[in-house]
Every structure is written in structure tokens, then in C-alpha cells.
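Quick note: numbers below take in every heavy atom, side chains included, and nothing from hydrogens, waters or symmetry partners. Quick caveat: nothing in here was measured; it's all calculated off a predicted structure.
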Amino acid sequence: MRIMMIVLLFMSSIVMAQQPDELSQKLTILNQEITTLYQESQIKTGSAKSVVEMQLLNKNNELRNIIKNLIDNRTEETTTLLLKHVKQQVTFISRASKFLGKKITSDEQKLDQASQEEKLMVQKTLDEARRFYTQMLGEQWVNYQWLKLLGSPEPERTTELVKDVEHRLDFMSASLTFDSQQEAILAKQMKAASEAEKTSLQILHLLAQRSLASDIENLRFLVELANKMDIDTTAYTQQIFEATGNLTDDILNPKVLISLLSSWADNVGQWLLDNTPQVLFKIFIFAVIIFIFRILKNLTRKMVSRAVSSPNLRMSQLMQDFFISMSGKGVFIIGLMIALSQIGLDLTPILTGFGVAGIIIGFALQDTLSNFASGMMLLIYRPFDVGDFVEAGSVSGKVSHMSLVSTTIKTFDNQILIVPNSKIWGDTIKNVTHERVRRVDMVFGIGYKDSVEHAEKILNDIVDAHPAVLRSPGKTIKLHTLNTSSVDFIVRPWVKTEDYWDVYWDITREVKMRFDKEGLSIPFPQQDVHLHMVEKQTK
């Protein structure tokens, strides 16, 4: 922020005495505000000083925006004046860049000499100075473009700026490579470090991460600037993508894509060159083991088939098939695990998982096997699927998940019910949403004095007018029951399953409104009470 104050103080010293009125008024007011803020920043400290410095930065941006707008709408009268201001911008940004260059060098020396506790603060200051330096390069490029528009180009200075940006790109690219390697090394060291060593390594790792983030930010800004200068940035864009993994519009550049694919192809080719013999040998061993155990699988199935088909065992055909199938699969799984171990896969976690599963099954054998068997039956016959609305196991709701042990059902008020599979398989299962089309069953009553033909016409009109009602299968609207208090019609349109309740509610509402409008009554149960007065007999 110090460099911004120097810049803004320089700007506030510009003399405006002979400017045109409108331009003079805008720039004079703005420069007065900048001067006032600069003087205020000299007496502020702490967070208040940071707030004032941020205001100064905003005012400087506003000043440049005014210059830009005036250049876009320039006239012959304002061209000379604007040319003067832009040249002043070029001068103070050149001075600011030199100041920042010295400050960066000084901060780098301080960082090397600082203690671990001080490094974080010095690193923050250094990153801020580097960020301002790259921003100054961008603003200087804008200044030279303004001079070109105003008819006073600076080709030599522009060429020097392009070379400076190219040099800065190379430096930031090398810095990003170095910091990436440092961060990776420190990350590995932290995993293997003792508790006593972790504290110092954490600070160094945090410094490396901050440096890496700063390098990426500065390199990305420089790449955007270099693209405006028609500098080839393919290698730098590729480096940013490899460092961050973030997809941007720059990746769609054909040169960048070709470079990335070429780099990946080279890496794959080198890996294949180094590892092909070893990989081919492992694949050969894997294939031989699988082939041998496939033969053993068939032999085992034949042996088990002969054993379980013995008349003495009296096994059902279903049980025989189960043992034959499981024996063959068991042998093949053993062979597969041996083959995987030969190609370098660590089987310890898998075997540990099997051991834990065996202990759990041993403690809860009866209930677990019952639920497991029911789960197998549910998976085989598939009476419902995930997402179906069912009524099973004395509960109703939407099936959200199913395992071999239990089924998770979510009710419509968002409760989660976990039902054992044995309860579901042992009860009636009603799948409401299995079919794509459903029939909506509704009953509507009218009074005995009302017209049946009129009521049928209204019901047909309402059903036919609803957009969600299917034309095939056709609807059913019939006089159904002569009830005690009403004449009841059944109304049964067909709809898609997902439209069921919308149609039900819409038609019910429309029937009430149309019946009221057409003068049809909707009866409700009632009783007539007759009172007989008995005269008191005289004695």
C-alpha cells in the first residue's frame, strides 16, 4: 500500500490551472480527495490506516477510469490535456516499478534472515509487493495503448515493457516450479516427521503453500497480460493447469491442448519404456494363475456336485445348486486374490475386512442370516427398486437404499425407517409406483333432486380439460351407487404415476367449484328428527 500512497501523492500534485472546465472540475475534485486521504493516512495506525489506504486505492482506480472514459470520448480540445496526463501516468508508474523492485529485493533478503516466527509476516509483505509490481506492468501497458490512441506512441518503451514481461514470465515460471517441488517435499516430510519436528515443518509448509499460491496468481495475471502483447503463453498456461488442475478457457486454446497432450504422451511413453517388461511379466503371471484356478474351479464344482448329490444327504436341488455354485466361486475368488497379490496389490486390508465380517456374523448369526436370506430373495425377485413408493413391513414410504440386511425407507414427512429384510419379505409388499401409469379412483355425490345427465356432462368436461389425464386408457365416469343421502358417481381417469396426486387434487377442487356454479348439491349425511307431542291425561 505504501507504493500506492506514493503514486497517489504524485498525482495530487498535478497542476490543473489551464484545463477545460469540465475536465478540470472532475480531476481537481478527485485529486483533492486523494490529497485529503493521503494526509489522513499519515496520522492513522492499525486497521484504520488499512481502511484509508484501501480508499486511496479505490480513488486511484476511479482516476484512471475517468482518464479512460475521456480518452474513449476524446475531442481535439481534450487530446493535448489527456496526452499530458497519460505521460504523467507513465512517469509515475515507472518510478513506482523501480521502487517496488528495490522493495522486493529488500524483502527477499529479510525473508532469508528472518526467524521462523517472523517469516510469515515478511512473506505476506513480499507477496503483496510482487502482486503490485505485476499490476504496475499491466497498467503501464494500458498507458502505452492510450498514448497510441492519442497519436503519440512509444514503440521503444513498449518493446522494453514486452521484454520485461517476458523476463517476468520466465522468472515466475521458474519460481512456481521450485515452490511446487518444495511444497511436495515438505508435505512428504510432514507425514514421516515426529511430533517434535512437525511444528517447524508446518511453518515451512505453510510458507511454501503461500509462495505457491502467490506464484500462481502472479503467473496467471502475467499470462493474461502477455496474451494482449501477442506473446506465446502456451507453456505457461500448461504449467498453471498442471499446478492447479483448474479448467479455464485458456485450456481450449489449440496450442495449449496440443502441448498438454504431447506432454502426457511423452510421460506415458517414458513410463511404458521403463516399465513395459515388468508389467508384461506381471500380466503373464496373472493370466496363468487365473487360468489354473479356472480349471480348479471346474474340478471343484464336479467334486462338490458328486458329494451333495449323494442319496444319504437328501439335499434339495436348490440346496445342491447353492453349494455347487458357492464352491466354484470360492475357489475362483481365492485364485483371484493370489493373482492380485502377484501383481503387487496389498491384500492385508481385504483379509482384515473378511476377518471383521466373520466376527460380526458369528455374534449375530441367527438374525443376520435371516435378514441376509430375505435380502437375497428381494434382490432375486425384485418386487421393488430404489425410488419406488411401497407399503411393506407395516410401514410406507419411498425406498432410498437396500442392502442384504435391511431396507431404508424414507417417509413423506422425511423420516428415515430402517426395516429388516425378514419383516419385509414375510409380509405383503405393495408397490404403488412400479407401473408407469395409474388410475385415479374418485367418488363424487349429488342430491337425488339433481340432474344425472347434467352431473355426468360436468364431470366429463372437467376430466377431459385436465392436461395430465391420459386419453388412453380411457376414463370411466359412471353412476355407481344410490346411497342413503346421495347419488354417487365413480370418476376414474388414467394418469402417469408422477401426476397422480396433482390430478386427484385438481379434479376434486374443480368439481366442488363447478357443482357450486352449476347449482348441483353435494349431499352430506343427515337425519330428520320428528317430535310427537303427547297430551297429559287428566285424572
Polar side-chain atom of [X] near backbone of [Y] as donor-acceptor pair, under 3.5 Å:
X	Y	value
Thr159	Pro155	yes
Thr300	Gly328	no
Asn227	Val223	yes

Looking only at heavy atoms, which two atoms of [X] and [Y] are closest? And how far apart?
X	Y	value
Ser374	Ser422	OG-CA, 3.3 Å
Arg131	Thr134	O-OG1, 2.7 Å
Leu212	Ser180	CD1-OG, 3.1 Å
Ile424	Ala392	CG2-CB, 4.0 Å
Ala339	Ile290	CB-CD1, 4.0 Å

If you round to the nearest 0.5 Å, how far is [atom2] of [Y] from [atom1] of [X]?
X	Y	atom1	atom2	result
Leu296	Ile289	CG	CD1	11.5 Å
Lys398	Phe412	NZ	CZ	8.0 Å
Ser152	Lys87	OG	NZ	4.0 Å
Lys297	Ile333	NZ	CD1	9.5 Å
Lys124	Asp107	NZ	CG	13.0 Å
Ile283	Ile285	CD1	CD1	11.5 Å

Who passes side chain to side chain contact (heavy atoms under 4.5 Å, CB included) against [X], sequence neighbours left out?
X	result
Gln415	Thr411, Asp413
Thr433	Asp388, Phe389, Asn431, Thr497
Gln189	Ile185, Leu186, Leu201

Please examine the side chains of [Y] and [X], heavy atoms only from C-beta on, and report whether any two atoms are closer than 4.5 Å.
X	Y	result
Met229	Leu161	yes
Val90	Arg157	yes
Thr408	Leu417	no
Met337	Ile334	no
Val390	Ile409	yes

Item to check | Phe384 and Thr407: CA distance, side-chain angles, deciding distance, side chain to side chain contact (heavy atoms under 4.5 Å, CB included) verdict | outcome: CA-CA 11 Å; Phe384 54 79; Thr407 299; 4.2 Å; yes
Next on the checklist: Would Lys110 and Leu126 count as a side chain to side chain contact (heavy atoms under 4.5 Å, CB included) here? Give the steps.
Outcome noted: CA-CA 9 Å; Lys110 289 180 181 179; Leu126 176 60; over 6 Å; no
Checklist entry - Can you name the residues that form a ring pair (Phe, Tyr, Trp, His ring centres under 6.0 Å) with Phe284, not counting sequence neighbours? => result none
Item to check | side-chain hydrogen bond (donor to acceptor under 3.5 Å, both in side chains): pairs with one or both residues in residues 141-150, sequence neighbours excluded | outcome: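 Qualifying pairs: Arg64-Asn143, Gln140-Asn143.
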Donor-acceptor pairs under 3.5 Å, side chain of residues 165-177 to any protein atom, not counting sequence neighbours: which ones?
from: Asp170; atom 1: OD1; to: Tyr236; atom 2: OH; distance (Å): 2.4
from: Ser173; atom 1: OG; to: Gln239; atom 2: OE1; distance (Å): 2.5
from: Ser175; atom 1: OG; to: Asp179; atom 2: OD2; distance (Å): 3.4
from: Ser175; atom 1: OG; to: Asp215; atom 2: OD1; distance (Å): 3.3
from: Ser175; atom 1: OG; to: Asp215; atom 2: OD2; distance (Å): 3.1
from: Thr177; atom 1: OG1; to: Ser173; atom 2: O; distance (Å): 3.0
from: Thr177; atom 1: OG1; to: Gln239; atom 2: NE2; distance (Å): 2.9

